[in-house]
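What you see below is based on every heavy atom in this structure, not just the backbone, and it leaves out hydrogens, waters and symmetry mates. All residue numbers in this chain count up from 1 along the given sequence.
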Amino acid sequence: MTEAALGAMSGLRVIDLTRVLGGPYCTQILADHGADVIKVEPPAGDEVREWGPPFHEEDAAYFVGINRNKRSIGLDLASEGGRIVLLKMLETADVLIENFKPGTLEKWGIGNDVLSKKFPRLVHCRICGFGADGPRGGNPGYDAIIQAMTGMIAATGSPESGPMRIGVPLVDITTGLYAAIGILMALSERQRSGKGQFLETTLYETGLAIMHPHTANYFMHGKPPSLTGNEHPNLVPYAIFPTRTDNIFIGVGNDGTFRKLAKEIGKPELGTDPRFARNKDRIANREALRAELAAVFSQHEAEPLCNRLLAAGLPAGPVQKIDQALTNPHTIARGDIIEKDWYKGVASPIRLDRSKPSLRRVPPKFSQHAAEVLGEFGYTKAEIDAMVEKGTVCGPERKR
(Lines give C-alpha, C1' and ligand atoms only; values in the text may rest on other atoms or scores of the structure.)
Protein backbone atom coordinates (compact mmCIF):
# COMPACT_ATOMS: atom_id res chain seq x y z
CA MET A 1 0.00 0.00 0.00
CA THR A 2 1.40 3.39 -0.97
CA GLU A 3 2.02 6.12 1.61
CA ALA A 4 -0.72 8.24 0.05
CA ALA A 5 -3.18 5.36 0.33
CA LEU A 6 -2.50 5.18 4.08
CA GLY A 7 -3.86 8.69 4.56
CA ALA A 8 -2.49 12.22 4.69
CA MET A 9 -1.63 11.92 8.41
CA SER A 10 0.04 8.51 8.10
CA GLY A 11 3.17 8.39 10.29
CA LEU A 12 1.76 10.88 12.80
CA ARG A 13 1.47 9.60 16.37
CA VAL A 14 -1.10 11.29 18.60
CA ILE A 15 -1.42 10.67 22.34
CA ASP A 16 -5.03 11.52 23.13
CA LEU A 17 -5.83 12.24 26.78
CA THR A 18 -9.21 13.80 26.00
CA ARG A 19 -12.70 12.73 26.96
CA VAL A 20 -16.30 13.57 26.07
CA LEU A 21 -16.65 15.39 22.71
CA GLY A 22 -14.37 18.23 21.52
CA GLY A 23 -11.09 16.37 21.91
CA PRO A 24 -12.28 12.97 20.64
CA TYR A 25 -13.93 14.70 17.67
CA CYS A 26 -10.60 16.36 16.87
CA THR A 27 -8.58 13.16 17.11
CA GLN A 28 -11.08 11.19 15.01
CA ILE A 29 -10.48 13.71 12.21
CA LEU A 30 -6.74 12.94 12.39
CA ALA A 31 -7.30 9.19 12.82
CA ASP A 32 -9.58 8.98 9.79
CA HIS A 33 -6.70 10.29 7.72
CA GLY A 34 -4.13 7.82 8.96
CA ALA A 35 -2.78 9.16 12.27
CA ASP A 36 -1.95 6.58 14.94
CA VAL A 37 -4.19 7.84 17.74
CA ILE A 38 -3.65 6.22 21.12
CA LYS A 39 -6.62 7.04 23.33
CA VAL A 40 -5.49 7.12 26.96
CA GLU A 41 -8.51 6.72 29.24
CA PRO A 42 -8.76 7.11 33.02
CA PRO A 43 -9.57 4.00 35.09
CA ALA A 44 -13.30 4.80 34.87
CA GLY A 45 -13.07 5.21 31.10
CA ASP A 46 -14.30 8.06 28.92
CA GLU A 47 -17.59 8.96 30.57
CA VAL A 48 -19.48 9.18 27.28
CA ARG A 49 -19.25 5.40 27.08
CA GLU A 50 -22.16 5.64 29.54
CA TRP A 51 -24.17 8.32 27.67
CA GLY A 52 -26.93 6.08 26.38
CA PRO A 53 -29.06 4.36 25.35
CA PRO A 54 -28.59 3.29 22.64
CA PHE A 55 -25.59 1.04 23.33
CA HIS A 56 -23.44 -1.41 21.43
CA GLU A 57 -22.65 -3.90 24.16
CA GLU A 58 -21.50 -1.52 26.95
CA ASP A 59 -20.58 1.51 24.81
CA ALA A 60 -23.04 4.29 24.04
CA ALA A 61 -23.65 5.47 20.49
CA TYR A 62 -22.37 8.87 21.67
CA PHE A 63 -18.94 7.32 22.28
CA VAL A 64 -19.02 5.11 19.20
CA GLY A 65 -19.72 8.07 16.91
CA ILE A 66 -16.46 9.92 17.70
CA ASN A 67 -13.85 7.27 18.51
CA ARG A 68 -13.23 5.11 15.46
CA ASN A 69 -9.74 4.40 14.13
CA LYS A 70 -8.22 4.70 17.62
CA ARG A 71 -6.52 2.33 20.06
CA SER A 72 -7.44 2.47 23.75
CA ILE A 73 -5.33 2.04 26.85
CA GLY A 74 -6.57 2.62 30.39
CA LEU A 75 -3.92 4.42 32.41
CA ASP A 76 -4.02 5.95 35.89
CA LEU A 77 -2.26 9.27 35.32
CA ALA A 78 -2.90 10.25 38.94
CA SER A 79 -0.26 7.67 39.85
CA GLU A 80 3.46 8.16 39.39
CA GLY A 81 3.66 4.89 37.48
CA GLY A 82 0.98 6.03 35.04
CA ARG A 83 2.83 9.26 34.38
CA ILE A 84 6.07 7.36 33.74
CA VAL A 85 4.27 5.31 31.09
CA LEU A 86 2.85 8.47 29.52
CA LEU A 87 6.31 10.05 29.32
CA LYS A 88 7.61 6.89 27.66
CA MET A 89 4.84 7.14 25.06
CA LEU A 90 5.61 10.81 24.41
CA GLU A 91 9.18 9.96 23.39
CA THR A 92 7.92 9.02 19.90
CA ALA A 93 4.77 11.15 19.81
CA ASP A 94 4.16 14.11 17.52
CA VAL A 95 1.05 15.43 19.25
CA LEU A 96 -0.32 15.41 22.79
CA ILE A 97 -3.91 16.54 23.16
CA GLU A 98 -5.65 16.85 26.53
CA ASN A 99 -8.67 18.50 28.05
CA PHE A 100 -7.80 18.46 31.72
CA LYS A 101 -8.71 21.43 33.86
CA PRO A 102 -5.85 23.97 33.52
CA GLY A 103 -3.27 23.29 36.20
CA THR A 104 -3.87 19.53 36.40
CA LEU A 105 -0.77 18.50 34.45
CA GLU A 106 1.26 21.07 36.36
CA LYS A 107 0.04 19.55 39.64
CA TRP A 108 1.29 16.18 38.40
CA GLY A 109 4.67 17.64 37.46
CA ILE A 110 4.16 17.22 33.71
CA GLY A 111 2.96 20.67 32.68
CA ASN A 112 3.95 22.23 29.38
CA ASP A 113 7.03 23.84 30.92
CA VAL A 114 8.33 20.34 31.63
CA LEU A 115 7.06 18.68 28.45
CA SER A 116 8.39 21.36 26.09
CA LYS A 117 11.91 20.94 27.47
CA LYS A 118 11.80 17.15 27.52
CA PHE A 119 10.13 16.83 24.10
CA PRO A 120 11.01 19.96 22.10
CA ARG A 121 9.29 18.73 18.90
CA LEU A 122 6.02 17.88 20.64
CA VAL A 123 2.85 19.76 19.67
CA HIS A 124 0.83 20.04 22.88
CA CYS A 125 -2.83 20.98 22.42
CA ARG A 126 -5.14 21.74 25.32
CA ILE A 127 -8.91 22.05 25.01
CA CYS A 128 -10.65 23.66 27.96
CA GLY A 129 -13.63 25.77 28.89
CA PHE A 130 -12.28 29.27 29.44
CA GLY A 131 -8.49 29.09 29.38
CA ALA A 132 -6.13 29.33 32.32
CA ASP A 133 -6.41 33.08 33.00
CA GLY A 134 -9.07 35.77 33.11
CA PRO A 135 -11.92 35.99 35.65
CA ARG A 136 -13.24 32.56 34.61
CA GLY A 137 -9.83 30.97 34.08
CA GLY A 138 -9.85 27.34 35.08
CA ASN A 139 -13.63 27.08 35.23
CA PRO A 140 -15.15 24.01 33.56
CA GLY A 141 -16.94 24.50 30.25
CA TYR A 142 -19.99 22.78 28.83
CA ASP A 143 -21.48 23.22 25.36
CA ALA A 144 -24.92 24.47 26.40
CA ILE A 145 -23.48 26.78 29.06
CA ILE A 146 -21.14 28.36 26.51
CA GLN A 147 -24.06 28.67 24.08
CA ALA A 148 -25.81 30.61 26.83
CA MET A 149 -22.84 32.78 27.77
CA THR A 150 -21.74 33.79 24.24
CA GLY A 151 -25.12 35.02 23.02
CA MET A 152 -25.92 31.92 20.98
CA ILE A 153 -29.06 30.91 22.86
CA ALA A 154 -30.25 34.51 23.02
CA ALA A 155 -30.01 34.70 19.21
CA THR A 156 -31.72 31.35 18.57
CA GLY A 157 -35.47 30.76 18.57
CA SER A 158 -38.56 32.72 17.67
CA PRO A 159 -40.63 35.28 19.60
CA GLU A 160 -43.08 32.45 20.26
CA SER A 161 -40.51 29.90 21.47
CA GLY A 162 -38.22 32.28 23.30
CA PRO A 163 -34.43 31.70 23.40
CA MET A 164 -33.42 28.13 22.56
CA ARG A 165 -30.34 25.93 22.72
CA ILE A 166 -29.08 24.83 19.32
CA GLY A 167 -29.99 21.16 18.92
CA VAL A 168 -26.47 19.88 18.19
CA PRO A 169 -23.40 20.42 20.43
CA LEU A 170 -22.07 23.02 18.03
CA VAL A 171 -19.56 24.61 20.41
CA ASP A 172 -17.93 21.30 21.39
CA ILE A 173 -17.73 20.09 17.80
CA THR A 174 -16.37 23.36 16.45
CA THR A 175 -13.80 23.53 19.25
CA GLY A 176 -12.63 20.10 18.08
CA LEU A 177 -12.40 21.40 14.52
CA TYR A 178 -10.40 24.45 15.63
CA ALA A 179 -8.11 22.15 17.64
CA ALA A 180 -7.47 19.99 14.56
CA ILE A 181 -6.72 23.09 12.49
CA GLY A 182 -4.40 24.42 15.20
CA ILE A 183 -2.54 21.12 15.41
CA LEU A 184 -2.02 21.08 11.65
CA MET A 185 -0.79 24.69 11.76
CA ALA A 186 1.69 23.85 14.52
CA LEU A 187 2.92 20.79 12.60
CA SER A 188 3.35 22.91 9.48
CA GLU A 189 5.36 25.49 11.44
CA ARG A 190 7.45 22.69 12.94
CA GLN A 191 8.63 21.77 9.46
CA ARG A 192 10.31 25.19 9.27
CA SER A 193 11.45 25.68 12.85
CA GLY A 194 12.01 22.11 13.97
CA LYS A 195 10.18 22.94 17.18
CA GLY A 196 6.82 21.98 18.60
CA GLN A 197 4.65 24.37 20.57
CA PHE A 198 1.74 24.63 22.96
CA LEU A 199 -1.67 25.62 21.62
CA GLU A 200 -5.00 26.11 23.31
CA THR A 201 -8.56 26.15 22.06
CA THR A 202 -11.34 27.06 24.46
CA LEU A 203 -15.06 26.52 24.27
CA TYR A 204 -15.61 30.15 25.23
CA GLU A 205 -13.50 31.65 22.44
CA THR A 206 -14.99 29.20 19.98
CA GLY A 207 -18.50 30.25 21.00
CA LEU A 208 -17.64 33.89 20.38
CA ALA A 209 -15.82 33.14 17.12
CA ILE A 210 -18.77 31.35 15.50
CA MET A 211 -21.34 34.01 16.37
CA HIS A 212 -21.14 35.49 12.88
CA PRO A 213 -22.89 37.57 11.62
CA HIS A 214 -24.28 38.64 15.00
CA THR A 215 -20.95 39.94 16.32
CA ALA A 216 -20.25 41.82 13.08
CA ASN A 217 -23.73 43.32 13.12
CA TYR A 218 -23.35 44.38 16.75
CA PHE A 219 -19.97 46.02 16.12
CA MET A 220 -21.57 47.92 13.24
CA HIS A 221 -24.84 49.14 14.78
CA GLY A 222 -24.61 48.33 18.50
CA LYS A 223 -27.84 46.33 18.63
CA PRO A 224 -28.11 42.73 19.87
CA PRO A 225 -29.92 40.32 17.55
CA SER A 226 -33.63 39.76 17.92
CA LEU A 227 -35.25 36.33 17.74
CA THR A 228 -36.11 35.62 14.11
CA GLY A 229 -36.80 31.88 14.29
CA ASN A 230 -35.61 30.17 11.12
CA GLU A 231 -35.11 33.45 9.29
CA HIS A 232 -31.83 35.23 8.65
CA PRO A 233 -31.15 38.65 10.22
CA ASN A 234 -29.42 39.92 7.06
CA LEU A 235 -31.13 38.12 4.16
CA VAL A 236 -34.72 37.73 2.94
CA PRO A 237 -36.10 35.28 1.93
CA TYR A 238 -34.09 32.88 4.07
CA ALA A 239 -36.59 30.72 5.92
CA ILE A 240 -38.80 27.64 6.10
CA PHE A 241 -41.96 27.56 4.01
CA PRO A 242 -44.72 24.91 4.02
CA THR A 243 -45.66 23.14 0.81
CA ARG A 244 -48.50 20.76 0.02
CA THR A 245 -46.44 17.86 1.42
CA ASP A 246 -43.44 18.89 3.57
CA ASN A 247 -41.58 22.00 4.62
CA ILE A 248 -38.79 23.42 2.47
CA PHE A 249 -36.03 25.90 3.16
CA ILE A 250 -35.38 28.74 0.75
CA GLY A 251 -32.22 30.83 1.02
CA VAL A 252 -31.57 33.82 -1.24
CA GLY A 253 -28.21 35.57 -1.09
CA ASN A 254 -28.57 38.45 -3.56
CA ASP A 255 -31.05 40.43 -5.65
CA GLY A 256 -30.27 38.61 -8.89
CA THR A 257 -31.01 35.26 -7.26
CA PHE A 258 -34.30 36.60 -5.93
CA ARG A 259 -35.37 37.75 -9.39
CA LYS A 260 -34.46 34.34 -10.76
CA LEU A 261 -36.48 32.65 -8.01
CA ALA A 262 -39.49 34.87 -8.71
CA LYS A 263 -39.35 33.97 -12.39
CA GLU A 264 -38.89 30.24 -11.70
CA ILE A 265 -41.98 30.07 -9.48
CA GLY A 266 -44.10 31.94 -12.01
CA LYS A 267 -44.18 35.28 -10.17
CA PRO A 268 -41.64 37.44 -12.05
CA GLU A 269 -43.39 40.61 -10.91
CA LEU A 270 -42.10 40.01 -7.36
CA GLY A 271 -38.56 40.56 -8.60
CA THR A 272 -39.32 44.10 -9.72
CA ASP A 273 -41.84 45.02 -7.01
CA PRO A 274 -40.31 48.05 -5.21
CA ARG A 275 -41.10 46.39 -1.87
CA PHE A 276 -38.89 43.43 -2.73
CA ALA A 277 -36.44 44.53 -5.43
CA ARG A 278 -33.43 44.91 -3.09
CA ASN A 279 -32.46 42.92 -0.07
CA LYS A 280 -32.91 45.88 2.28
CA ASP A 281 -36.42 46.34 0.83
CA ARG A 282 -37.20 42.67 1.42
CA ILE A 283 -36.01 42.95 5.00
CA ALA A 284 -38.26 45.96 5.55
CA ASN A 285 -41.20 44.05 4.01
CA ARG A 286 -40.34 40.60 5.31
CA GLU A 287 -43.90 39.56 6.28
CA ALA A 288 -45.48 40.75 3.04
CA LEU A 289 -42.99 38.76 0.99
CA ARG A 290 -43.45 35.70 3.19
CA ALA A 291 -47.17 35.76 2.47
CA GLU A 292 -46.59 36.04 -1.28
CA LEU A 293 -44.14 33.14 -1.37
CA ALA A 294 -46.15 30.94 0.99
CA ALA A 295 -49.18 31.25 -1.29
CA VAL A 296 -47.13 29.95 -4.22
CA PHE A 297 -45.27 27.17 -2.39
CA SER A 298 -48.48 25.81 -0.87
CA GLN A 299 -49.51 24.71 -4.36
CA HIS A 300 -46.43 22.47 -4.84
CA GLU A 301 -45.00 19.25 -3.43
CA ALA A 302 -41.74 19.69 -1.57
CA GLU A 303 -39.37 17.25 -3.29
CA PRO A 304 -40.25 18.01 -6.95
CA LEU A 305 -40.21 21.75 -6.25
CA CYS A 306 -36.78 21.63 -4.58
CA ASN A 307 -35.38 19.43 -7.32
CA ARG A 308 -36.54 21.92 -9.95
CA LEU A 309 -35.18 24.94 -8.05
CA LEU A 310 -31.84 23.29 -7.34
CA ALA A 311 -31.51 22.28 -10.99
CA ALA A 312 -32.03 25.94 -11.87
CA GLY A 313 -29.19 26.91 -9.51
CA LEU A 314 -31.45 28.20 -6.75
CA PRO A 315 -30.86 27.44 -3.07
CA ALA A 316 -33.72 25.26 -1.86
CA GLY A 317 -33.99 22.04 0.08
CA PRO A 318 -36.61 19.86 1.75
CA VAL A 319 -36.55 19.87 5.56
CA GLN A 320 -35.60 16.24 6.20
CA LYS A 321 -35.37 14.15 9.34
CA ILE A 322 -32.10 12.37 10.07
CA ASP A 323 -33.33 9.04 8.69
CA GLN A 324 -34.24 10.72 5.41
CA ALA A 325 -30.86 12.45 5.22
CA LEU A 326 -28.90 9.25 5.90
CA THR A 327 -30.82 7.24 3.27
CA ASN A 328 -30.98 10.00 0.69
CA PRO A 329 -29.80 8.85 -2.77
CA HIS A 330 -27.14 11.57 -2.81
CA THR A 331 -25.80 10.41 0.56
CA ILE A 332 -25.55 6.86 -0.74
CA ALA A 333 -24.05 7.84 -4.09
CA ARG A 334 -21.31 9.90 -2.43
CA GLY A 335 -20.33 7.06 -0.11
CA ASP A 336 -21.10 9.13 2.98
CA ILE A 337 -21.98 6.11 5.11
CA ILE A 338 -19.12 3.78 6.09
CA GLU A 339 -19.39 0.32 7.65
CA LYS A 340 -17.10 -2.24 9.21
CA ASP A 341 -18.25 -5.30 11.16
CA TRP A 342 -20.97 -4.04 13.52
CA TYR A 343 -20.04 -0.36 13.11
CA LYS A 344 -21.75 2.18 10.89
CA GLY A 345 -20.94 5.89 10.75
CA VAL A 346 -20.68 9.05 8.65
CA ALA A 347 -17.52 9.25 6.57
CA SER A 348 -14.94 11.99 6.86
CA PRO A 349 -16.07 15.01 4.82
CA ILE A 350 -12.44 15.81 3.95
CA ARG A 351 -12.01 14.25 0.50
CA LEU A 352 -8.40 14.35 -0.66
CA ASP A 353 -7.68 13.09 -4.15
CA ARG A 354 -4.76 10.76 -3.41
CA SER A 355 -4.50 10.29 0.35
CA LYS A 356 -8.02 9.20 1.18
CA PRO A 357 -9.56 8.69 4.62
CA SER A 358 -10.30 5.13 5.67
CA LEU A 359 -12.10 3.06 8.27
CA ARG A 360 -9.41 0.78 9.69
CA ARG A 361 -10.61 0.18 13.24
CA VAL A 362 -14.02 0.14 14.86
CA PRO A 363 -14.27 2.21 18.08
CA PRO A 364 -12.22 0.46 20.77
CA LYS A 365 -13.40 -1.26 23.90
CA PHE A 366 -11.98 0.19 27.09
CA SER A 367 -8.21 -0.51 27.32
CA GLN A 368 -8.58 -3.00 24.49
CA HIS A 369 -5.10 -2.28 23.13
CA ALA A 370 -3.14 -1.86 26.38
CA ALA A 371 -0.85 -4.84 25.86
CA GLU A 372 -0.41 -4.11 22.14
CA VAL A 373 0.48 -0.46 22.70
CA LEU A 374 2.77 -1.02 25.67
CA GLY A 375 4.56 -3.79 23.78
CA GLU A 376 5.35 -1.29 21.02
CA PHE A 377 7.00 0.93 23.64
CA GLY A 378 9.26 -1.86 24.83
CA TYR A 379 7.38 -3.19 27.84
CA THR A 380 7.51 -6.94 28.40
CA LYS A 381 4.46 -9.07 29.15
CA ALA A 382 5.66 -9.50 32.74
CA GLU A 383 6.02 -5.74 33.17
CA ILE A 384 2.57 -5.14 31.69
CA ASP A 385 1.00 -7.79 33.92
CA ALA A 386 2.65 -6.19 36.95
CA MET A 387 1.31 -2.75 36.04
CA VAL A 388 -2.18 -4.18 35.57
CA GLU A 389 -1.94 -5.90 38.94
CA LYS A 390 -0.86 -2.64 40.56
CA GLY A 391 -3.61 -0.64 38.85
CA THR A 392 -1.26 1.63 36.92
CA VAL A 393 -2.52 0.14 33.66
CA CYS A 394 -6.15 -0.95 33.39
CA GLY A 395 -7.45 -4.26 32.20
CA PRO A 396 -10.66 -4.44 30.17
CA GLU A 397 -12.84 -3.85 33.25
CA ARG A 398 -13.53 -0.23 34.10
CA LYS A 399 -13.62 1.03 37.70
CA ARG A 400 -17.13 2.30 38.25
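- In this structure, Arg126 CZ and Asn99 CG are separated by 11.0 Å, a value rounded to the nearest 0.5 Å.
- Judged purely by atom type and a 3.5 angstrom limit, Asp46 has no side-chain atom pairing as donor or acceptor with the backbone of Glu41.
- Rounding to the nearest 0.5 Å gives a distance of 4.0 Å between CD of Glu339 and NZ of Lys344.
- Using a 4.0 Å cut-off between charged nitrogen and carboxylate oxygen, Arg71 and Asp36 count as a salt-bridge pair.
- Side-chain atoms of Arg398 do not come within 3.5 Å of backbone N or O of Gly45 as any donor-acceptor pair.
- Note that CG of Leu122 is 11.0 Å distant from CZ of Phe198, once rounded to the nearest 0.5 Å.
- Checking side-chain atoms of Gln28 against main-chain N and O of Asn67 turns up a donor-acceptor pair under 3.5 Å.
- One finds a salt bridge joining Asp385 and Lys381 here, because a Lys/Arg side-chain nitrogen approaches an Asp/Glu carboxylate oxygen to under 4.0 Å.
- Within a 6.0 Å sphere centred on CD of Glu80, other residues, nucleotides and ligands contribute 12 heavy atoms or fewer.
- Two residues are said to be in side-chain contact when any heavy atoms from C-beta on lie closer than 4.5 Å; Asp246 and Val319 fail this criterion.
- Note: the hydrophobic cluster containing Ile173 does not contain Ile210 (ILVMFWY, side chain heavy atoms under 4.5 Å, direct or indirect links).
- Residues Val20 and Ile127 are members of separate hydrophobic clusters, defined by side-chain heavy-atom contacts under 4.5 angstrom among Ile, Leu, Val, Met, Phe, Trp and Tyr.
- In this structure the side chain of Leu184 reaches within 4.5 angstrom of the side chain of Met9, judged on heavy atoms.
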One pair to check against side-chain contact (heavy atoms from CB on, under 4.5 Å): Thr331 and Val346. What are the steps and the verdict? CA-CA 10 Å; Thr331 302; Val346 176; over 6 Å; no
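- Contact annotation: the side chain of Leu293 approaches that of Pro237 to within less than 4.5 Å [non-hydrogen atoms, C-beta and beyond].
- Between the side chains of Tyr343 and Arg68, at least one donor N or O sits under 3.5 Å from an acceptor N or O.
- The shortest distance between side-chain heavy atoms of Ser158 and Leu227 does not fall below 4.5 Å.
- No side-chain donor-acceptor contact under 3.5 Å links Thr104 to the backbone of Phe100.
- Within 6.0 Å of the OH atom in Tyr218, the count of heavy atoms belonging to other residues, nucleotides or ligands does not exceed 12.
- The nearest pair of heavy atoms linking Ile384 to Ala371 is CD1-O, 3.8 Å.
- Using a 4.5 Å cut-off between side-chain heavy atoms of Ile, Leu, Val, Met, Phe, Trp and Tyr, with links allowed through other members, Leu90 and Trp108 fall into the same hydrophobic cluster.
- Atom CD1 of Ile66 sits about 11.5 Å away from atom SG of Cys26, to the nearest 0.5 Å.
- Side-chain contact annotation: Glu301 with Thr245, donor-acceptor N/O pair under 3.5 Å absent.
- In this structure, Phe63 and His56 have side chains that are not in contact, with every pair of non-hydrogen atoms separated by 4.5 Å or more.
- A pairwise comparison of heavy atoms in Ile15 and Val40 identifies CG2-CG2, 4.0 Å as the closest pair.
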Hey, mind stepping through Ser355 and His33 against side-chain hydrogen bond (donor to acceptor under 3.5 Å, both in side chains) and telling me if it holds? CA-CA 8 Å; Ser355 45; His33 288 268; over 6 Å; no
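- Closest approach of Lys39 and Pro24 over heavy atoms only: NZ-CG, 4.0 Å.
- When all heavy atoms of Arg360 and Ala35 are compared, the closest pair comes out as NH2-O, 3.7 Å.
- The environment of Met211 atom CE is dense: over 12 non-hydrogen atoms of other residues, nucleotides or ligands sit within 6.0 angstrom.
- Within a 6.0 Å radius of CD in Gln324, more than 12 heavy atoms belonging to other residues, nucleotides or ligands are found.
- Summarising the local packing, NE2 of His330 is surrounded by 12 or fewer heavy atoms from other residues, nucleotides or ligands at distances under 6.0 Å.
- Remark: side-chain polar atoms of Thr206 are paired, donor with acceptor, to backbone N or O of Thr202 under 3.5 angstrom.
- Within a 6.0 Å sphere centred on NZ of Lys365, other residues, nucleotides and ligands contribute more than 12 heavy atoms.
- Using a 3.5 Å distance cut-off with no hydrogens or angles, the side chains of Thr257 and Asn254 do pair a donor with an acceptor.
- For the residue pair His124 / Gln197, no side-chain donor-acceptor distance below 3.5 Å is found, with atom types taken as modelled.
- Closest approach of Leu115 to Leu87, counting heavy atoms only: CD2-CD2, 3.9 Å.
- Salt bridge present: Arg351 and Asp336 bring a charged side-chain N and a carboxylate O closer than 4.0 Å.
- Note: Phe241 and Phe249 fail the aromatic proximity criterion, with ring centroids not under 6.0 Å apart.
- Taking CD1 of Ile38 as the reference point, atom OG1 of Thr27 lies at 12.0 Å (rounded to 0.5 Å).
- Between the side chain of Asp273 and the backbone N or O of Glu269, no donor-acceptor pair lies under 3.5 Å.
- Under the 3.5 Å distance criterion, the side-chain polar atoms of Asp143 are matched with a main-chain donor or acceptor of Val171.
- A salt bridge links Arg361 with Glu372: at least one charged nitrogen is closer than 4.0 Å to a carboxylate oxygen.
- The neighbour count for Arg334 CZ, taken as heavy atoms of other residues, nucleotides or ligands under 6.0 Å away, does not exceed 12.
- Proximity of Pro318 to Cys306: side-chain heavy atoms (C-beta onward) are separated by under 4.5 Å at one or more points.
- Both the sub-6.0 Å distance and the 45° axial angle are not jointly satisfied by Arg49 relative to the ring of Phe366.
- Side chain of Lys195 to main chain of Gln191: no donor-acceptor pair is present (N/O by atom type, distance under 3.5 Å, no hydrogens or angles).
- In this structure, the side chains of Ser298 and Val296 stay at 4.5 Å or more apart for every pair of heavy atoms.
- At distances below 3.5 Å, at least one donor-acceptor pair connects side-chain atoms of Thr174 with backbone N or O atoms of Leu170.
- In this structure, the separation between OG1 on Thr175 and CG on Leu21 is 9.0 Å, given to the nearest 0.5 Å.
- The two atoms that bring Gly82 and Leu75 nearest to each other are O-CD2, 3.6 Å, heavy atoms only.
- In this structure, Arg282 forms a cation-pi arrangement with Phe258, its terminal cationic atom sitting closer than 6.0 Å to the ring centre and no more than 45° off the ring axis.
- In this structure, Arg275 and Leu289 have side chains that are not in contact, with every pair of non-hydrogen atoms separated by 4.5 Å or more.
- No side-chain donor-acceptor contact under 3.5 Å links Asn230 to the backbone of Ile240.
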